[in-house]
Amino acid sequence: VQLQASGGGLEQAGDSLRLSCAASGRTFGSYAMGWFRQAPGKEREFVATISRSADSTYYSDSVKGRFTISRDTAKNTVYLQMNSLKPEDTAVYYCAAGRYISRRRDDYDYWGQGTQVTVSS
């Protein structure tokens with residue numbers, strides 16, 4: 001499966017932004033989907049994940065209550081709604097597809113190219 005992330009941009013603290021990740025192929029529903037992010041000089045970290053059937057979601061503590069992950073199987077797309085953005089949310093955001101819902105990078109088999117989110121104070 002190929003993944004194409006989009007929707008990044010330059011925002012101010014407190015703003016909202018929605019990222020999208022479009023998946024190619026007919027097997028989108030077979031994959032759990034995740035969002036990760038990587039800030040300059042830091043390792044790529046888990047942000048959110050959603051199960052294949054969308055009945056389970058997990059979030060990192062740093063975004064819980066502010067970010068929402070969702071998926072639209074008809075559109076082969078996973079979303080990350082980001083509210084109350086903070087400067088520390090600045091990073092390149094990556095979407096990923098894996099066989100099981102997981103917080104671990106190594107459990108994801110396919111990765112998108114990343115989209116930059118910059119939040120100014």
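Values in this document were obtained by computation on a predicted structure and should not be read as measured data.
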So which heavy atom on [X] is nearest to which on [Y], and how close?
X     : Y     : value
Pro87 : Ala13 : CD-CB, 4.2 Å
Phe28 : Val78 : CZ-N, 4.1 Å
Ala97 : Val1  : CB-CG1, 4.1 Å

Does Arg44 make a cation-pi contact with Trp111 (under 6.0 Å, within 45 degrees of the axis)?
yes
Using atom types as modelled and distance alone, determine if a side-chain donor or acceptor of [X] lies under 3.5 Å from a backbone N or O of [Y].
X      : Y     : value
Ser51  : Ala54 : yes
Thr49  : Met33 : yes
Thr115 : Ser6  : no

Give a yes or no on whether Ile101 and Tyr31 share a hydrophobic cluster (residues Ile, Leu, Val, Met, Phe, Trp, Tyr; joining criterion: side-chain heavy atoms under 4.5 Å apart).
no
Name all residues meeting the ring-ring contact (aromatic ring centres under 6.0 Å, His included) criterion together with Tyr108; count only those two or more places apart in sequence or in a different chain, and write none if there are none.
Phe36
Applying ring-ring contact (aromatic ring centres under 6.0 Å, His included), can you list everything that pairs with Tyr58, at least two apart in sequence or on another chain?
none
Note, Arg105 side chain near Glu43 side chain (heavy atom, < 4.5 Å):
yes
Evaluate the side-chain proximity of Phe46 to Trp35: yes if any heavy-atom separation is below 4.5 Å, no if none is.
no
What disulfide bond (SG atoms under 2.5 Å apart) pairs are there with at least one residue in residues 27-80, not counting sequence neighbours?
none
Residue pairs involving residues 22-75 (criterion disulfide bond (SG atoms under 2.5 Å apart); sequence neighbours excluded)
none
Selection residues 49-61 - residue pairs positive for salt bridge (Lys or Arg N to Asp or Glu O under 4.0 Å), sequence neighbours left out
Asp61-Lys64
Applying salt bridge (charged side-chain N to carboxylate O under 4.0 Å, His left out) to Asp107 and not counting sequence neighbours gives Arg104
Applying side chain to side chain donor-acceptor pair (under 3.5 Å), which residue pairs with at least one partner in residues 68-80 are found, sequence neighbours left out?
none
Please collect all side chain to side chain donor-acceptor pair (under 3.5 Å) contacts where either partner lies in residues 88-100, sequence neighbours excluded, each pair once.
Arg37-Asp89, Arg37-Tyr93, Arg66-Asp89
Does a donor on one side chain sit under 3.5 Å from an acceptor on the other, for Gln116 and Thr118?
yes
Please report, to 0.1 Å, the donor-acceptor pairs under 3.5 Å made by any side chain of residues 14-23, with sequence neighbours excluded.
{"from": "Asp15", "atom 1": "OD2", "to": "Gln12", "atom 2": "N", "distance (Å)": "3.0"}
{"from": "Ser16", "atom 1": "OG", "to": "Asn83", "atom 2": "OD1", "distance (Å)": "2.9"}

What residues, two or more places apart in sequence or in another chain, satisfy side-chain hydrogen bond (donor to acceptor under 3.5 Å, both in side chains) together with Ser120?
none
Tell me every residue that passes side-chain hydrogen bond (donor to acceptor under 3.5 Å, both in side chains) with Tyr59, counting only those two or more places apart in sequence or in another chain.
none
What residues join Leu10 in its hydrophobic cluster, counting side-chain heavy atom gaps under 4.5 Å, either direct or through other members?
none
